[in-house]
Amino acid sequence: MSSTPIRRDRAPRWHAVWLIVLLVAAGCTSVQLVTSYDQAIDEGLTKYYQDMNTFLSQLKRAGKDRPEAKFASHTTFYDQQGAAIDTLVLRAEAAEPKGTCLGSDLVGGLAASLLKFRGFATGTELDIDKIVETLRTKGAGSCTVQILRIVRANHDITAAIHQKNEVLAPAVIDIIRPTIEQGVRIAVTTELAKKRGEK
Amino acid sequence: MSLNVDALFGQMVAAGSQAFGDGWAQVETFAKLEFRTLAERIKDIGAGLANNDFDLATAKMLLAMQVNLAVAAIAGATTLVILAVEAAINAVLAVIRGFVNAAVGAVLL
């Protein structure tokens with residue numbers, strides 16, 4: 001007796017069909033693969049961006065010779081803002097304690113492709129392999145957690161640059177401001193996408 | 001640290017479209033916006049260093065922030081793909097639910 005083998009390129013479709021059959025058999029009328037929209041994360045990030053934007057404008061206006069431009073005058077601000085982001089990370093972790101981000105091979109492929117950009121980062125002390133591996137590691141958190149951690153990491157780097165140079169030069173602020181904005185935008189975009197998906 | 005923004009952006013997009021496969025359509029607009037912004041800013045860091053606007057150590061830290069954002073963009077795009085998959089599965093389940101309930105004449109599912 002001969003049988004017709006399932007072609008490899010059709011296998012994923014059959015997997016999807018079987019998944020749906022199993023879900024129906026189990027009485028599932030809907031599935032949720034991503035955590036729900038969290039208003040506190042949305043609003044917390046918006047507040048963080050507003051505070052940082054104001055802060056950077058004040059620093060730029062102050063000029064490098066004024067005491068209020070010095071890092072030492074702003075350690076409390078950096079600490080408070082960092083703690084506020086930590087709270088958002090905590091919420092995201094609590095919502096999906098065992099979450100991972102790059103779970104599928106499809107998406108994991110992009111992480112591998114990212115390594116090709118290594119040449120553009122030559123001269124840095126970054127370990128891109130480690131960064132990507134962290135994204136894939138179980139226990140590192142959901143995509144939301146990892147995005148929020150990156151917002152936190154960039155906040156810390158901003159403080160480190162400020163501390164190292166004592167003041168933030170206008171040219172540095174012109175790069176840091178849109179960098180922080182982009183991190184917040186990525187995080188808020190994904191939160192709002194969750195909200196749209198729940199309608 | 002001079003680089004070609006279009007070349008960097010092109011490589012990011014090529015890598016993204018290849019890795020996301022069929023899912024690329026769902027994240028293309030989002031990913032292209034984020035990748036283009038990143039590429040432009042990396043160029044600005046190189047220009048700032050060349051102009052002595054800041055030193056090499058500062059440039060490295062600014063660049064580290066951009067690499068972090070590249071990872072965040074991938075994580076964000078991943079979320080959008082998963083949400084699209086979730087919506088597709090739920091749409092099929094809704095059709096099945098309607099079909100079964102209509103056939104049985106009661107709310108079975």
Side-chain angles (χ1 to χ4, degrees), chain A residues 16 19-20 23-24 27-34 101-102 104 106-114 116-117 120-121 123-126 128 131-132 135 143-144 146-147 150-151 153-154 157-158 160-161 164-165 169-172 174-176 178-179 182-183 185-187 189-190 193-194 197, chain B residues 1 3 8 11-12 14-16 18-23 30 34 37-39 41-42 44-45 48 51 53-90 92-94 96-97 100 109:
Chain A
L19 173 64
I20 289 169
L23 288 168
V24 171
C28 295
T29 53
S30 67
V31 297
Q32 185 176 14
L33 304 177
V34 179
C101 187
L102 298 179
S104 74
L106 189 72
V107 179
L110 182 58
S113 299
L114 181 69
K116 294 177 183 172
F117 304 142
F120 291 99
T124 70
E125 296 167 359
L126 294 171
I128 297 177
I131 292 170
V132 173
L135 271 178
C143 290
T144 303
Q146 306 223 23
I147 294 169
I150 285 168
V151 172
N154 280 354
I157 294 173
T158 300
I161 292 172
K164 175 195 166 298
N165 296 300
V172 173
D174 287 344
I175 291 172
I176 285 177
T179 299
Q182 189 172 6
R185 186 178 65 234
I186 290 169
T189 298
T190 55
K194 292 178 194 173
Chain B
M1 206 188 272
L3 60 87
L8 175 57
Q11 285 196 39
M12 286 175 160
Q18 182 185 351
F20 278 93
D22 293 341
F30 171 81
E34 302 306 338
T37 308
L38 269 177
R41 203 171 308 118
I42 290 171
D44 291 343
I45 294 170
N51 290 337
D53 291 335
F54 39 79
D55 61 13
L56 181 60
T58 300
K60 285 182 179 180
M61 287 193 276
L62 291 171
L63 194 56
M65 295 173 84
Q66 312 314 314
V67 175
N68 282 346
L69 284 183
V71 178
I74 292 169
T78 302
T79 304
L80 298 183
V81 169
I82 296 171
L83 283 167
V85 170
E86 182 182 287
I89 291 174
N90 286 332
V92 173
L93 287 173
I96 294 172
R97 185 173 61 239
V100 170
L109 287 174

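Order of the sequence lines sets the chain letters (A, B, ...), proteins ahead of strands, with each chain counted from 1. Predicted, not measured: the structure shown is a model, and the values here were computed from it.
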S.K.: Identify the two heavy atoms, one from B:D53 and one from A:A171, that lie closest to each other, and give their separation to 0.1 Å.
M.R.: CB-CB, 3.6 Å
S.K.: Applying salt bridge (charged side-chain N to carboxylate O under 4.0 Å, His left out), can you list everything that pairs with A:R185, at least two apart in sequence or on another chain?
M.R.: A:E181, B:E34
S.K.: If I take atom CD1 from residue B:I82 and atom NZ from residue A:K194, how far apart are they, to the nearest 0.5 angstrom?
M.R.: 10.0 Å
S.K.: Please identify each residue that fulfils salt bridge (charged side-chain N to carboxylate O under 4.0 Å, His left out) with A:D174, with sequence neighbours left out.
M.R.: A:K60
S.K.: Considering only heavy atoms, which portion of B:A87 lies under 4.5 Å from any heavy atom of chain A: side chain, backbone, both, or neither?
M.R.: neither
S.K.: Looking at CG of A:N165 and CZ of B:F54, how far apart are the two atoms once the value is rounded to the nearest 0.5 Å?
M.R.: 10.0 Å
S.K.: Quick check for you: among A:T144, A:V172, A:I186, which has the greatest number of heavy-atom pairs under 4.5 Å with chain B?
M.R.: A:I186
S.K.: Going through the distances and angles, do A:I176 and B:L62 end up as a side chain to side chain contact (heavy atoms under 4.5 Å, CB included)?
M.R.: CA-CA 7 Å; A:I176 285 177; B:L62 291 171; 3.7 Å; yes
S.K.: Do you know which two heavy atoms are closest between A:A153 and B:N68, and how far apart they sit?
M.R.: CB-ND2, 3.8 Å
S.K.: Measuring heavy-atom distances to chain B, does A:P170 have an atom under 4.5 Å in its side chain, in its backbone, in both, or in neither?
M.R.: neither
S.K.: So what's closer than 4.5 Å to chain A heavy atoms on B:N51: side chain, backbone, both or neither?
M.R.: neither
S.K.: If you apply the rule side chain to side chain contact (heavy atoms under 4.5 Å, CB included), what do you find for A:Q146 with B:V71, and how did you get there?
M.R.: CA-CA 9 Å; A:Q146 306 223 23; B:V71 178; 5.7 Å; no
S.K.: If you tally heavy-atom pairs under 4.5 Å against chain B, which of A:I147, A:V151, A:N154 wins?
M.R.: A:N154
S.K.: To the nearest 0.5 angstrom, please state how far the CD1 atom of A:I175 sits from the CE atom of B:M65.
M.R.: 10.0 Å
S.K.: Once rounded to the nearest 0.5 Å, what's the spacing between atom OG1 of A:T179 and atom CD of B:Q66?
M.R.: 4.0 Å
S.K.: Give, for atom CZ of B:R41 and atom CD of A:Q182, the distance between the pair rounded to the nearest 0.5 Å.
M.R.: 4.5 Å
S.K.: Among B:L80, B:T78, B:V81, whose side-chain contact (heavy atoms from CB on, under 4.5 Å) with A:C143 holds?
M.R.: B:T78
S.K.: Over all heavy atoms of both residues, which pair between A:I157 and B:M61 is shortest? Give the atoms and the distance, please.
M.R.: CG2-O, 3.5 Å
